[in-house]
Peer 1: 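Below you will find the structure I want to go over with you.
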Amino acid sequence: MAVPLKKLNNGTYCPSFGLGTWLAAPGEAKETIKTAIDIGYRLFDCAWVYGNEKEIGEGLQAKISDGTVTRADLFVVTKLWNVFHEEDKVIPACKESLKNLGLEYIDLYLMHWPCATICKKFDSSLPFKGSENIEYDFCKTWKAMENCVSLGLVKSIGLSNFNSEQVARIMKSCSIKPVMNQIEVTPFLNQKKLITICKDHDIEIMAYSPLASPARPWAKEGDKMLSLEDSKLLSIGKKYRKTTAQVVLRYVYQQGTIPIPKSSNPDRLKQNIDIFDFILSEEDLKLIDIFNCGTRICHAEELKDNSEYPFNLVE
C-alpha cells in the first residue's frame with residue numbers, strides 16, 4: 001500500500017496514515033507489527049504507558065533484520081507519560097523508551113498530556129488509576145523535550161491532547177516548534193476548530209481513536225458507540241464500494257489529519273489502510289458532519305482535578 005507523506009514544519013516527512021498500538025494484548029503486538037509492515041504500514045504510534053514498547057520493538061527489529069524495511073523507512077512515535085514531566089525526568093524517560101524499542105532514535109516524541117501526575121500504582125490498561133495530579137508547568141517539560149532533539153535522541157517533538165490555548169502557550173515559549181498535536185478525531189468529535197488553529201501554527205494533527213474506540217475498557221452501558229451499520233455510512237460505502245470503516249477513516253483523513261486506527265486483525269489492517277483510492281464528495285462530508293455532537297471517547301476523567309485538564313475548554 002502506498003501511503004502519501006506529509007512534510008512537517010521541521011522538514012521531515014511523516015506517513016499520512018499509521019497504526020495505533022494502545023490495547024494491543026500481551027503477545028499480540030510483535031506479530032501485529034510484523035503483519036502491518038508486510039501490508040505497507042510504516043507509521044507506528046506507541047507510548048511508554050501502553051506497556052508494550054518492547055514487543056513493538058521486537059516486531060520492528062524482526063522486519064528490519066529480514067530486509068523488508070530499513071530503519072529509515074519507519075516512522076516511530078512514542079510519548080512521555082505524565083509522571084515524567086519534571087525536567088530532570090524527561091531525558092531518562094526518553095532513553096527508557098529508546099531501550100524498550102531497541103532504536104537509536106525516535107522519529108516523533110510527544111508529550112502525552114499537558115497534565116503532570118505522580119504514580120502510586122501503575123496499571124497500563126487504565127493508566128490514570130493510581131495516579132495523583134500535581135501542578136507542573138508543561139512549558140518547562142517542553143524545554144527538556146527540546147534537549148532530546150539536541151542530543152539526537154529524537155528527530156521531532158510534539159504534543160498530545162493539548163487544547164488551543166495550551167498550544168498557544170507552547171508556541172510563545174518554545175525554541176523548537178511542535179510538529180504535531182495528537183488528538184481524538186471521530187465523526188462524533190470532528191475537531192474542525194482545533195485542527196484549523198493547529199494548522200495555522202503549521203502543526204499537523206494525528207487522529208487517535210478515529211473509529212471511536214469500541215473496545216475502550218471504560219465504556220459503560222448506554223455510552224455512545226459509532227455504529228458501522230448506520231444507514232448513512234452504509235449508503236456512502238456502497239457508493240464508493242468501500243466498507244463503512246473505510247468511509248469513516250477517509251472522512252477523518254479528509255479533515256486534514258493522520259489517522260492511526262488500532263487493529264490486530266490482518267483483514268482489517270488491510271482494509272483500514274486502503275483509503276487512498278477514493279475521495280469523499282463535499283455532499284458526503286456534510287452528511288457525516290451530522291454525526292458531530294461533541295461526544296468525546298477518551299475523556300480522562302481522572303485528570304479533571306488537574307489545572308491543565310485540556311477538555312474544560314470547549315472548542
Peer 1: Hydrophobic clustering (ILVMFWY, side-chain heavy atoms < 4.5 Å, transitive) - are Leu108 and Val3 grouped together?
Peer 2: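 Shared cluster, no.
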
Peer 1: Determine, for Lys34 against Glu31, whether the closest basic-nitrogen to carboxylate-oxygen distance falls under 4.0 angstrom.
Peer 2: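 Yes.
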
Peer 1: Going only through I, L, V, M, F, W and Y residues with side-chain contacts under 4.5 Å, is there a path from Met225 to Ile290?
Peer 2: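 They do not share one cluster, since no chain of ILVMFWY contacts under 4.5 Å joins Met225 to Ile290.
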
Peer 1: If hydrophobic clusters are built from ILVMFWY residues whose side chains come within less than 4.5 Å, do Ile260 and Tyr253 share one?
Peer 2: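 No, Ile260 does not connect to Tyr253 through the hydrophobic network.
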
Peer 1: Can you find a side-chain donor-acceptor pair between Ser263 and Asn265 that sits under 3.5 Å?
Peer 2: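 Note: Ser263 and Asn265 side chains miss the donor-acceptor criterion.
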
Peer 1: Between Glu55 (side chain only) and Gly27 (backbone N and O only), is there a donor and an acceptor less than 3.5 Å apart?
Peer 2: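 Present.
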
Peer 1: Regarding Lys6 and the six-membered ring of Tyr13, is the cationic atom NZ or CZ under 6.0 Å from the ring centre and inside 45° of its axis?
Peer 2: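 No, Lys6 does not sit over the ring of Tyr13.
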
Peer 1: Take Glu28 and Lys262 through the salt bridge (charged side-chain N to carboxylate O under 4.0 Å, His left out) test and state the conclusion after the steps.
Peer 2: CA-CA 12 Å; Glu28 174 187 280; Lys262 184 268 176 187; 3.4 Å; yes

Peer 1: Mark yes or no for whether Ser213, through its side chain, and Ser209, through its backbone, hold a donor-acceptor pair below 3.5 Å.
Peer 2: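 Checking the backbone N and O of Ser209 against the side chain of Ser213, no donor-acceptor pair under 3.5 Å is found.
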
Peer 1: Is the number of heavy atoms from other residues, nucleotides or ligands within 6.0 Å of NZ (Lys99) greater than 12?
Peer 2: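 Result for NZ/Lys99: open.
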
Peer 1: Is there a side-chain contact between Cys198 and Val167 (heavy atoms, below 4.5 Å)?
Peer 2: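 Counting from C-beta outward, Cys198 and Val167 do come under 4.5 Å.
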
Peer 1: Taking all heavy atoms of Leu189 and all of Thr295, pick out the closest pair and write down the distance.
Peer 2: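 Nearest pair, atom of Leu189 first, then Thr295: CB-O, 3.6 Å.
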
Peer 1: Answer with yes or no whether the side chains of Tyr309 and Asn133 bring together a donor and an acceptor at under 3.5 Å.
Peer 2: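 Side-chain D/A pair, Asn133 to Tyr309: absent.
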
Peer 1: First locate atom CD1 of Ile183, then atom OH of Tyr208, and finally report the distance between them rounded to the nearest 0.5 Å.
Peer 2: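 Spacing of CD1 (Ile183) from OH (Tyr208) equals 8.5 Å.
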
Peer 1: For Tyr105, does the six-membered ring have the charged nitrogen or CZ of Arg71 within the cation-pi criterion, i.e. under 6.0 angstrom from the centroid and within 45° of the normal?
Peer 2: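 Yes, Arg71 sits over the ring of Tyr105.
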
Peer 1: Which atoms form the tightest heavy-atom contact between His201 and Lys177, and what is the distance?
Peer 2: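 Heavy atoms of His201 and Lys177 come nearest at O-NZ, 3.2 Å.
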
Peer 1: Measure the shortest side-chain to side-chain distance between Leu74 and Phe44 over non-hydrogen atoms and say whether it is less than 4.5 angstrom.
Peer 2: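 The answer is yes, as the side chains (C-beta and beyond) meet within the 4.5 Å cut-off.
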
Peer 1: Which heavy atom of Met180 sits nearest a heavy atom of Cys14, and at what distance?
Peer 2: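 Answer, listing the atom of Met180 first, then Cys14: CE-SG, 4.2 Å.
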
Peer 1: Any sub-3.5 Å donor-acceptor pair from Tyr41's side-chain atoms to Leu269's backbone N or O?
Peer 2: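 Side chain of Tyr41 to backbone of Leu269: a pair is present.
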
Peer 1: Do the side chains of Ile258 and Pro15 get nearer than 4.5 Å, heavy atoms only?
Peer 2: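 Not in contact.
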
Peer 1: For the pair Phe291 and Phe188, name the ring-plane relationship: parallel under 30°, tilted 30 to 60°, perpendicular over 60°.
Peer 2: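 Taking Phe188 first and then Phe291, their aromatic rings sit tilted (interplane angle of 30° to 60°).
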
Peer 1: Side chains of Tyr240 and Asp277: donor-acceptor distance under 3.5 Å anywhere?
Peer 2: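 Checked: Tyr240/Asp277 side chains show no N/O donor-acceptor pair below 3.5 Å.
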
Peer 1: Centroid separation under 6.0 Å, is that true for the rings of Phe138 and Trp113?
Peer 2: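 Not under 6.0 Å, so no.
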
Peer 1: For Lys89, is there an ion pair with Glu86 - N to carboxylate O distance below 4.0 angstrom?
Peer 2: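 Lys89 and Glu86: salt-bridged.
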
Peer 1: To the closest 0.5 Å, what do you measure between CE (Met145) and OG (Ser156)?
Peer 2: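 Those atoms lie 10.5 Å apart.
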
Peer 1: Indicate, with yes or no, if Leu280 and Leu228 share a hydrophobic cluster defined by side-chain heavy-atom contacts under 4.5 Å among Ile, Leu, Val, Met, Phe, Trp and Tyr.
Peer 2: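 Yes, one cluster joins them.
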
Peer 1: Going through the checks in order, is the salt bridge (charged side-chain N to carboxylate O under 4.0 Å, His left out) test met by Glu146 and Lys143?
Peer 2: CA-CA 5 Å; Glu146 291 178 337; Lys143 289 297 181 186; 3.8 Å; yes

Peer 1: As an exercise, state the distance from CG of Leu211 to CZ of Arg268, rounded to the nearest 0.5 Å.
Peer 2: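 The CZ atom of Arg268 is 10.0 Å from CG of Leu211, to the nearest 0.5 Å.
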
Peer 1: For the residue pair Asp73 and Thr70, confirm or rule out a side-chain donor-acceptor distance under 3.5 Å.
Peer 2: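 Yes, because at least one side-chain N or O of Asp73 sits under 3.5 Å from a partner of the opposite role on Thr70.
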
Peer 1: Over all heavy atoms of both residues, which pair between Asn52 and Thr21 is shortest? Give the atoms and the distance, please.
Peer 2: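 That closest heavy-atom pairing would be ND2-O, 3.0 Å.
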
Peer 1: What is the distance from atom CD1 of Ile176 to atom CD1 of Ile170, rounded to the nearest 0.5 Å?
Peer 2: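 Going from CD1 on Ile176 over to CD1 on Ile170, the span is 12.0 Å.
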
Peer 1: Are more than 12 heavy atoms from other residues, nucleotides or ligands located less than 6.0 Å from atom CD of Glu135?
Peer 2: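 More than 12 within 6.0 Å, yes.
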
Peer 1: Measure the spacing between CD of Glu87 and CG of Asp137 and express it to the nearest 0.5 Å.
Peer 2: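 Between atom CD of Glu87 and atom CG of Asp137 there are 8.5 Å.
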
Peer 1: If only atom types and distance count, is the side chain of Gln166 paired as donor or acceptor with the main-chain N or O of Glu308 below 3.5 Å?
Peer 2: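 Yes, Gln166 side chain to Glu308 backbone: donor-acceptor pair under 3.5 Å.
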
Peer 1: For Gln246 and Arg250, test the side chains for any donor-to-acceptor distance below 3.5 angstrom and give the result as yes or no.
Peer 2: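 Per modelled atom types, Gln246 and Arg250 side chains form no pair under 3.5 Å.
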
Peer 1: Are the charged groups of Lys199 and Asp202 less than 4.0 angstrom apart, N to O?
Peer 2: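 Not counted as a salt bridge, because no side-chain N and carboxylate O are separated by less than 4.0 Å.
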
Peer 1: Can you list everything that forms a side chain to side chain donor-acceptor pair (under 3.5 Å) with Glu58? Sequence neighbours excluded, please.
Peer 2: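 Glu58: no side chain to side chain donor-acceptor pair (under 3.5 Å) contacts found.
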
Peer 1: Would you say the side-chain atoms of Glu184 pair up with the backbone N or O of Cys298, donor to acceptor, closer than 3.5 Å?
Peer 2: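 Side chain of Glu184 to backbone of Cys298, a donor-acceptor pair under 3.5 Å: yes, one is there.
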
Peer 1: Could you check whether Asp284 and Ser281, counting side-chain N and O atoms only, form a donor-acceptor pair closer than 3.5 Å?
Peer 2: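 There is such a pair between these side chains.
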
Peer 1: Could you check whether any side-chain N or O of Asn181 sits under 3.5 Å from a backbone N or O of Phe162, counting only pairs where one atom can act as donor and the other as acceptor?
Peer 2: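 Side chain of Asn181 to backbone of Phe162: a pair is present.
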
Peer 1: To check you understand the geometry: which heavy-atom pair defines the closest contact between Ile39 and Ile273, and what is its length?
Peer 2: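 Looking at all heavy atoms of both residues, the shortest contact is CG2-CG2, 4.1 Å.
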
Peer 1: What's the verdict on side-chain contact (heavy atoms from CB on, under 4.5 Å) for Ile33 and Leu19, showing C-alpha distance, side-chain angles and the deciding distance?
Peer 2: CA-CA 9 Å; Ile33 295 296; Leu19 180 67; 4.2 Å; yes

Peer 1: Could you measure the distance from the CH2 atom of Trp48 to the CG atom of Leu101? Nearest 0.5 Å is fine.
Peer 2: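 The distance works out to 13.0 Å.
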
Peer 1: May I ask you to check whether Gln182 and Asp45 show a side-chain donor-acceptor distance below 3.5 Å?
Peer 2: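 Per modelled atom types, Gln182 and Asp45 side chains form a pair under 3.5 Å.
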
Peer 1: Should the pair Lys304 and Phe311 be classed as cation-pi, given the thresholds of under 6.0 Å to the six-membered ring centre and 45° from the axis?
Peer 2: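 No; the conditions do not both hold, so Lys304 does not lie above the ring face of Phe311.
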
Peer 1: Applying side-chain contact (heavy atoms from CB on, under 4.5 Å), run through Asn10 and Lys155 and close with a yes or a no.
Peer 2: CA-CA 9 Å; Asn10 63 356; Lys155 300 288 188 182; 5.8 Å; no

Peer 1: I would like to know whether Leu159 and Trp142 meet side-chain contact (heavy atoms from CB on, under 4.5 Å); could you show each step before the answer?
Peer 2: CA-CA 9 Å; Leu159 310 169; Trp142 185 257; 3.5 Å; yes

Peer 1: If you look at every heavy atom in Val252 and Ala207, which pair is closest and at what distance?
Peer 2: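 Taking every non-hydrogen atom into account, CG1-CB, 3.6 Å.
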
Peer 1: Is it the case that over 12 heavy atoms from other parts of the model lie below 6.0 angstrom from the NZ atom of Lys54?
Peer 2: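 No, NZ of Lys54 has 12 or fewer neighbouring heavy atoms, counting only those of other groups under 6.0 Å.
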
Peer 1: Taking atom CG of Leu313 as the centre, does the number of heavy atoms from other residues, nucleotides or ligands within less than 6.0 Å exceed 12?
Peer 2: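 Count over threshold, so yes.
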
Peer 1: Would you please say whether a donor-acceptor pair under 3.5 Å links the side chains of Ser97 and Glu53?
Peer 2: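 Yes, Glu53 and Ser97 have a side-chain donor paired with an acceptor closer than 3.5 Å.
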
Peer 1: Quick one: do the Tyr50 and Lys79 side chains pair a donor with an acceptor below 3.5 Å?
Peer 2: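 Their side chains do contain a donor-acceptor pair, which is all the 3.5 Å distance test asks for.
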
Peer 1: Quick check on Lys242: does its NZ atom have over 12 non-hydrogen neighbours (other residues, nucleotides or ligands) under 6.0 Å away?
Peer 2: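 For Lys242, atom NZ is crowded (more than 12 foreign heavy atoms under 6.0 Å).
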
Peer 1: Apply side-chain contact (heavy atoms from CB on, under 4.5 Å) to Ile106 and Leu98, showing your working.
Peer 2: CA-CA 7 Å; Ile106 294 165; Leu98 280 168; 3.4 Å; yes

